[in-house]
Trainee: 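To start, I am sharing the structure in question, which I have written as structure tokens.
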Amino acid sequence: MASTTEKREKQPASEANGFRSQLPVAMFSRADFSVWSILKQCIGKELSKITMPVIFNEPLSFLQRITEYLEYAQLLRTAAQTDDPLLRMQYVAAFAVSSISSNWERIGKPFNPLLGETYELERRDMGFRMMSEQVSHHPPVSAFHVEGDSYSLNGSVLPKLRFWGKSVEITPKGTITLSLPKYNEVYTWQNVNCCIHNVIVGKLWVEHSGTMEIVNHPTKMKAVLNFKQCGWFGKDLHKVEGFIYGPRKQKLKALYGNWVLGLFAAEVNEFESASKPSSRDLSHSNSFTKQSGGTSTDDTEDDAQPTQSFGAYELDLPSQVCLWRAASRPSHSPKYFCFTSFAMTLNQLMDGQEAILPKTDSRLRPDIRLMEEGNIDGAAEQKNRLEEKQRAARKDRKKSKHEPTPLWFNQGTNQHTGGDDWIYNGHYFNRSWSACPDIF
Ligand SMILES: CC(C)CCC[C@@H](C)[C@H]1CC[C@H]2[C@@H]3CC=C4C[C@@H](O)CC[C@]4(C)[C@H]3CC[C@]12C
């Protein structure tokens with residue numbers, strides 16, 4: 001293995017609430033490894049079938065990674081207590097945008113969860129508990145269930161990765177369903193596509209693009225958000241724009257901002273006149289002030305890389321209201337896989353926690369733990385062992401004609417969209433683990 005460029009750090013400073021603020025050791029430098037040298041054999045292929053060297057991983061399971069959707073769960077609490085339906089939709093939309101903000105600058109590959117792997121996170125301080133399970137291996141599907149103090153959130157992710165030469169394109173198929181019981185409302189949406197650029201040369205970077213449609217089923221109110229492609233000179237880098245529509249398709253509110261930095265709402269007419277090309281270029285500077293979200297160092301790279309101008313993030317319209325602003329990443333984030341403060345805590349095993357977790361919890365996966373501790377070779381060895389064990393278990397099941405069934409979700413139909421979905425069976429938090437398989 002290549003030499004370590006980073007030394008073992010001092011033990012992480014623990015925050016007052018007991019959550020750690022950094023990982024046990026700083027990451028290995030990836031400078032000596034080329035993604036291209038691995039991926040060039042795989043053009044046009046589905047990437048889930050390719051084994052990438054552990055050096056390209058980040059020390060989180062994909063189940064932990066999707067828990068990052070909840071970093072700004074506070075927005076759901078706010079939505080669940082907001083009597084005005086239009087304002088409620090604005091908070092739901094802000095949550096949907098915020099839930100992908102942690103992907104900025106994150107170019108490590110999370111570990112593929114093993115079939116039957118689970119992850120739970122109970123954060124009373126944030127108002128929720130959540131659990132997730134890997135419910136299918138081919139194709140990989142992760143299902144999750146969140147119990148908020150005033151809402152519930154359910155969903156599944158079926159990430160499809162395709163390699164197109166210069167970039168990796170990711171389609172996170174699967175529906176997210178939010179219920180707000182106080183108002184008898186159910187909202188659904190799907191996450192937009194994600195693209196990793198500069199796989200051959202240059203700096204890897206993450207872009208989200210496409211249209212997100214958030215539907216409030218009982219009232220038929222809709223938020224339609226356009227995640228823009230970066231465009232010339234990075235003009236629209238990370239920009240998000242859209243409208244909330246009433247049941248008769250009338251525009252009720254404009255939404256705009258940036259999935260890395262924050263989201264605003266304003267009156268439709270003000271927004272529309274401000275976003276005519278002429279007025280926008282003259283009256284608004286495109287500069288991004290480093291007050292939030294910015295940990296990037298100087299950007300003097302090649303011209304294939306958009307500058308960090310962050311588009312016209314804030315338009316300063318008279319009616320502008322800030323719905324959500326991203327917290328800055330800690331300054332040491334680049335040494336730790338560009339994790340947010342929330343992500344740093346996800347693989348932490350708290351005192352006494354092992355006794356209450358099922359043996360399938362991601363925190364107990366030896367390969368991820370070793371990688372987190374900086375032992376890349378050990379992690380690679382364990383990862384191989386776990387994958388072999390999974391294959392062997394599959395063979396046995398085939399022989400005995402035993403179909404694997406998830407423990408906590410059932411395949412079913414989403415009542416609201418009519419599409420296929422995974423439905424939580426309600427039993428996980430009874431904490432009876434006798435049926436949990438030995439997968440690690
Ligand atoms: C080293 C290289 C090129 C491979 C790295 C690929 C990484 C960056 C890919 C692999 C799987 C991807 C994730 C797959 C699914 C989702 C769910 C979606 O709702 C948000 C994006 C997100 C979270 C993707 C982010 C990028 C991701 C983590």
Side-chain angles (χ1 to χ4, degrees), residues 27-43 45-72 95-113 119 132 134 139-144 146 153-177 188-212 214 225 227 238 240 259-260 337-340 342-343 346 368 371:
M27 66 188 283
F28 271 71
S29 162
R30 295 199 184 115
D32 302 337
F33 300 85
S34 142
V35 189
W36 172 240
S37 66
I38 314 277
L39 290 185
K40 64 185 173 196
Q41 315 141 28
C42 324
I43 299 190
K45 280 195 201 151
E46 166 59 53
L47 275 192
S48 67
K49 305 226 167 69
I50 297 154
T51 337
M52 303 263 298
V54 172
I55 191 79
F56 296 115
N57 281 88
E58 59 176 19
L60 286 181
S61 157
F62 188 65
L63 296 180
Q64 295 169 311
R65 178 79 183 247
I66 56 177
T67 305
E68 294 186 42
Y69 284 157
L70 295 171
E71 180 171 358
Y72 299 97
F95 172 78
V97 176
S98 78
S99 68
I100 57 170
S101 64
S102 73
N103 295 328
W104 181 57
E105 303 263 285
R106 291 279 292 278
I107 40 127
K109 193 176 178 301
F111 286 71
N112 287 334
Y119 181 71
S132 53
Q134 190 69 4
V141 182
S142 315
F144 64 89
V146 185
L153 187 74
N154 288 281
S156 56
V157 193
L158 195 166
K160 279 218 176 317
L161 275 70
R162 233 162 224 292
F163 176 53
W164 294 113
K166 279 162 68 180
S167 58
V168 176
E169 168 105 12
I170 299 138
T171 325
K173 277 184 63 179
T175 303
I176 298 179
T177 305
T188 61
W189 68 91
Q190 297 200 343
N191 272 326
V192 293
N193 289 359
C194 175
C195 186
I196 314 295
H197 291 280
N198 290 345
V199 170
I200 305 180
V201 282
K203 186 177 174 244
L204 292 166
W205 66 282
V206 184
E207 177 170 52
H208 281 288
S209 63
T211 308
M212 178 187 272
I214 306 170
L225 293 170
F227 288 69
H238 306 323
V240 182
W259 62 263
V260 176
F337 306 89
C338 291
F339 281 8
T340 60
F342 184 56
L346 294 175
I368 299 180
M371 181 176 192

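Order of appearance sets the numbers: ligands from 1, and atoms from 1 within every ligand.
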Trainee: Does ligand 1 have any atom that is closer than 4.0 Å to a heavy atom of V199?
Mentor: no
Trainee: Should you measure from each heavy atom of L161, which atoms of ligand 1 turn up under 4.0 Å away?
Mentor: 10 (C)
Trainee: Considering only heavy atoms of R65, which atoms of ligand 1 have at least one such atom less than 4.0 Å away?
Mentor: 25 (C), 28 (C)
Trainee: Calculate, to the nearest 0.5 Å, the distance between atoms OG and NE2 belonging to S101 and H208 respectively.
Mentor: 9.0 Å
Trainee: Closest approach of S102 and E71, non-hydrogen atoms and distance?
Mentor: CB-OE1, 4.1 Å
Trainee: What are the two closest non-hydrogen atoms of W104 and W259, and how far apart are they?
Mentor: N-CZ3, 3.5 Å
Trainee: Is it the case that ligand 1 has an N or O less than 3.5 angstrom from some N or O of H208?
Mentor: no
Trainee: Which atoms of ligand 1 are found less than 4.0 Å from any heavy atom of N191?
Mentor: 19 (O)
Trainee: Does ligand 1 have a heavy atom under 4.0 Å from the side chain of I196, from its backbone, from both, or from neither?
Mentor: side chain
Trainee: Within the 4.0 Å heavy-atom shell around I170, which atoms of ligand 1 are there?
Mentor: 9 (C), 12 (C), 14 (C), 26 (C)
Trainee: If you take all heavy atoms of G108 and P110, which pair is closest and at what distance?
Mentor: O-CD, 3.5 Å
Trainee: So F163 and W36, would you call those rings parallel, tilted or perpendicular, with 30° and 60° as cut-offs?
Mentor: tilted
Trainee: Which heavy atom of S98 sits nearest to which heavy atom of Y72, and what is that distance?
Mentor: OG-CB, 3.4 Å
Trainee: Provide the number and element of each atom of ligand 1 under 4.0 Å from a heavy atom of P110.
Mentor: 28 (C)
Trainee: Using heavy-atom distances only, which candidate in N103, N193, V35, I100 approaches atom 21 (C) of ligand 1 most closely?
Mentor: N103
Trainee: Distance under 4.0 Å to a non-hydrogen atom of P159: what atoms of ligand 1 satisfy this?
Mentor: 14 (C), 15 (C)
Trainee: When rounded to the nearest 0.5 angstrom, what distance separates NE2 in H238 from CD1 in I100?
Mentor: 10.5 Å
Trainee: So which of I214, L225, T175 actually passes side-chain contact (heavy atoms from CB on, under 4.5 Å) with W189?
Mentor: I214
Trainee: Testing the basics here: between F337 and N57, what is the closest heavy-atom pair and its distance to 0.1 Å?
Mentor: CE2-O, 3.7 Å
Trainee: Do any nitrogen or oxygen atoms of Y69 come within less than 3.5 Å of a nitrogen or oxygen of ligand 1?
Mentor: yes
Trainee: Specify the closest pair of heavy atoms between V192 and S209, including all atoms of both residues, with the distance to one decimal.
Mentor: CB-O, 3.6 Å
Trainee: What is the nearest protein non-hydrogen atom to atom 4 (C) of ligand 1, stated with its residue, atom name and distance?
Mentor: M52 CE, 4.4 Å
Trainee: What residue and heavy atom of the protein are closest to atom 13 (C) of ligand 1, and at what distance?
Mentor: F62 CE1, 3.9 Å
Trainee: Is atom 6 (C) of ligand 1 in close reach of the protein, with a heavy atom under 4.0 Å away?
Mentor: no
Trainee: Would you mind telling me if ligand 1 is within reach of the side chain of I107, the backbone, both or neither, using heavy atoms under 4.0 Å?
Mentor: backbone
